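What follows is one structure encoded as structure tokens, with my remarks underneath.
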There are 2 protein chains.
Amino acid sequence: MALLAQTSAPRPPAQLNVWHQVYKRGEALFRVGEPFRSIGILRSGAVKTYLQRDDGSEQVLAFLLPGDILGLDAIAAGQHMRNAVALDTTSACLVPYDGVDEISNRFPALRREMMRQMSLGLVRDAQVHMLLTMRTADQRLAAFLLDLSNWYRNHGFSAREFQLPMPRADIANYLNIKPETLSRALTRMQNDGLIRAERRRLLILDPDALRTMAGESLPPEAWRAVRKQVQ
Amino acid sequence: MALLAQTSAPRPPAQLNVWHQVYKRGEALFRVGEPFRSIGILRSGAVKTYLQRDDGSEQVLAFLLPGDILGLDAIAAGQHMRNAVALDTTSACLVPYDGVDEISNRFPALRREMMRQMSLGLVRDAQVHMLLTMRTADQRLAAFLLDLSNWYRNHGFSAREFQLPMPRADIANYLNIKPETLSRALTRMQNDGLIRAERRRLLILDPDALRTMAGESLPPEAWRAVRKQVQ
DNA sequence: CGTCCGGTTGACAAACTTCAATGATCGTGG
DNA sequence: CCACGATCATTGAAGTTTGTCAACCGGACG
């Protein structure tokens, strides 16, 4: 990974003691309150991060895919501020973390990458904010699917057909809707010929319609009317 | 406020060419796409950041209060990723920004503070996520008011009585509800003796009830029943 | 003094949740 | 290999919350 290649270049003396770790589905990478010992870069698989609510229910905060850095929000407090569990068999590359200054002084490239990733994280969180505040479940779902589709395209995979790395319940939780509502939304999109979704396999049939759906803020009733007109 | 506030403003090194700037209500501190020239620390007043949707409507992303750092999400792209306007007469302290490395090498203390603030920003965004995904408008409003109250307490002001730094429309937008719904929620809380809200003055009469409301996930009908029982 | 703007309220429609039941898939042990 | 239970997903009907549209109110301000 680019990150590691960079780190060895600038300062030869201390080689970073990097290692890999594999997690099985359902296994925790870290939990709230654990001391922040190492930065993790996701190599394969998928991870969800979440927090517990006062009432015991959980709230999914993010899905992480290969290339993402884990746990940067732990820097300030020195301990993890969210839970992370593998959604599937997952491997991560771990870099020991001995404090900002230690890392900053010895590995400027890593420091730079960390700052870049944190800044990107803030941008992404703003995008999540935009996603969560879309008016209808259909819009949020459309935006979510496009997001995923873009990720696959950007990583050299098909943007039209891919696997959903997480179960419906997690998607629904993330989008702040009930699984039933998600299911209905998927069914609607399917009936309207926008997508094909069965189990974890997703096929995007009409990306433009999805984009318009995620972008525009027309009431969904108007949407259904539009879609019917086209047929 | 956990959601709004970053505590402890950094003291910029003396060598840095720091200056102050005052903005009038409605004036823009920066806009999406502008080059990232300086880091700003809010000294007084209040700021909202927001993004434009495809349909032209705007989405409020955050309210910033004194002590908050502005525009850290601009580091990665080198340009601002959101709009920021003053909600009131506002003064900010500006530190020129010449790139991560420049600042990092010359002012380690500032670099450390920047990383801390970015990390805190990520934590805060997670809290915003939790806020936005609360089930009902009443819960979100309760959590929001408590956040604001906590900010004032943490800054040496009364946690019971304070000014709302933003108009209703902005609060509603931030909480992802319509102004009408916000108004009704406020009225309900007022009728139930939890708060007193007129114009921009807010009085918290029953903080514990607010806390329970924000924490628990009981359906609001159950809530009204509980409140009535107490009377 | 009238107008504008921010805020409130009412009535109705839309979207979402809840409760309940059914169906499909998969891993596992008999 | 099949049966079984468990998990995951879908569907229907009824109830709740929120949005929408419209009217109204009151203070701020020219």
Side-chain angles (χ1 to χ4, degrees), chain A residues 24-26 48 55 57 59-60 85 87-89 132-142 163-191 195-202 213 217-226, chain B residues 25-26 48 53 55 57 59-60 87-88 132-142 163-191 195-202 213 217-226:
Chain A
K24 288 185 299 242
R25 167 193 281 225
K48 74 168 171 182
D55 69 351
S57 67
Q59 176 60 49
V60 175
V85 309
L87 287 165
D88 211 335
T89 302
L132 284 175
T133 50
M134 285 181 167
R135 309 218 333 302
T136 67
D138 301 84
Q139 285 181 302
R140 294 203 283 277
L141 176 56
Q163 296 274 357
L164 299 172
M166 66 296 282
R168 299 272 193 280
D170 285 332
I171 299 178
N173 184 305
Y174 178 68
L175 297 178
N176 198 23
I177 55 182
K178 298 299 158 194
E180 293 93 328
T181 305
L182 172 61
S183 181
R184 288 182 234 275
L186 281 170
T187 303
R188 265 195 305 272
M189 286 185 180
Q190 206 155 271
N191 291 339
I195 62 170
R196 193 87 239 275
E198 56 188 43
R199 319 200 354 60
R200 294 222 177 166
R201 176 149 240 94
L202 192 91
M213 200 174 179
S217 285
L218 292 174
E221 31 146 8
W223 263 113
R224 260 163 269 158
V226 170
Chain B
R25 167 193 282 225
K48 74 169 171 182
R53 289 197 186 281
D55 69 351
S57 67
Q59 177 59 50
V60 174
L87 287 165
D88 212 334
L132 285 176
T133 51
M134 285 181 168
R135 302 200 9 302
T136 66
D138 301 89
Q139 286 181 303
R140 294 204 282 276
L141 176 56
Q163 296 275 357
L164 299 173
M166 67 295 284
R168 298 273 194 279
D170 285 331
I171 299 178
N173 184 306
Y174 178 69
L175 297 178
N176 198 23
I177 55 182
K178 297 297 158 195
E180 293 92 329
T181 305
L182 173 61
S183 181
R184 287 183 234 275
L186 281 170
T187 304
R188 267 196 303 272
M189 286 184 179
Q190 206 157 269
N191 291 339
I195 62 170
R196 193 88 238 276
E198 56 187 44
R199 310 173 47 1
R200 295 226 178 162
R201 176 150 240 93
L202 192 91
M213 200 174 181
S217 284
L218 292 174
E221 31 147 6
W223 263 113
R224 259 163 268 155
V226 171

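Order of the sequence lines sets the chain letters (A, B, ...), proteins ahead of strands, with each chain counted from 1. In this text, all values refer to a predicted model and were calculated from it rather than measured experimentally.
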Atom pair distance, as rounded to whole Å: [atom1] in [X] and [atom2] in [N]:
X	N	atom1	atom2	value
A:Leu164	D:dC8	CG	C1'	13 Å
B:Arg25	C:dC5	CZ	P	14 Å
B:Gln190	C:dT9	CD	C1'	14 Å
B:Arg201	C:dG6	CZ	C1'	18 Å
A:Glu180	D:dC8	CD	P	14 Å
A:Met134	D:dG19	CE	P	16 Å
A:Leu175	C:dT17	CG	P	11 Å

- Task: For A:Asn176, answer base if it contacts any base atom (sugar-phosphate contacts may also be present), sugar-phosphate if it contacts only those atoms, and nothing otherwise; contact means non-hydrogen atoms under 4.0 Å.
- Result: sugar-phosphate
- What nucleic acid atoms does B:Ile177 come within less than 4.0 Å of, heavy atoms only: base, sugar-phosphate, or nothing? sugar-phosphate
Nearest to side-chain heavy atoms of [X], which nucleotide of [options]:
X	options	result
B:Leu186	D:dC21, C:dA20, C:dT8	C:dT8
B:Arg199	C:dC26, D:dG27, D:dT20	D:dG27
A:Arg168	D:dT18, C:dT18, D:dA9	D:dA9
B:Thr136	C:dT17, D:dT18, D:dT11	D:dT18
B:Asp138	D:dA9, D:dT11, D:dT18	D:dT18
B:Thr181	D:dG19, D:dT11, D:dT17	D:dG19

- Flag for B:Arg140-B:Thr181: side-chain donor and acceptor within less than 3.5 Å: no
- Check the pair B:Arg188 / B:Ser183 against side-chain hydrogen bond (donor to acceptor under 3.5 Å, both in side chains), numbers first and verdict last. CA-CA 9 Å; B:Arg188 267 196 303 272; B:Ser183 181; over 6 Å; no
- Query: Considering heavy-atom distances to DNA chain C, does A:Arg140 or B:Ala197 have its closest nucleotide positioned more toward the 5' end?
  - Reply: B:Ala197
Does [Y] offer a backbone N or O that forms a donor-acceptor pair with the side chain of [X] under 3.5 Å?
X	Y	answer
B:Arg168	B:Arg199	yes
B:Gln59	B:Arg53	no
B:Gln190	B:Leu186	no

- B:Arg135 side-chain N/O to C:dT18 phosphate OP1/OP2 under 4.0 Å: yes
- Message: Let's test your reading of the model: under 3.5 Å, does the base of C:dT18 pair with the side chain of A:Arg184 as donor and acceptor?
- Response: yes
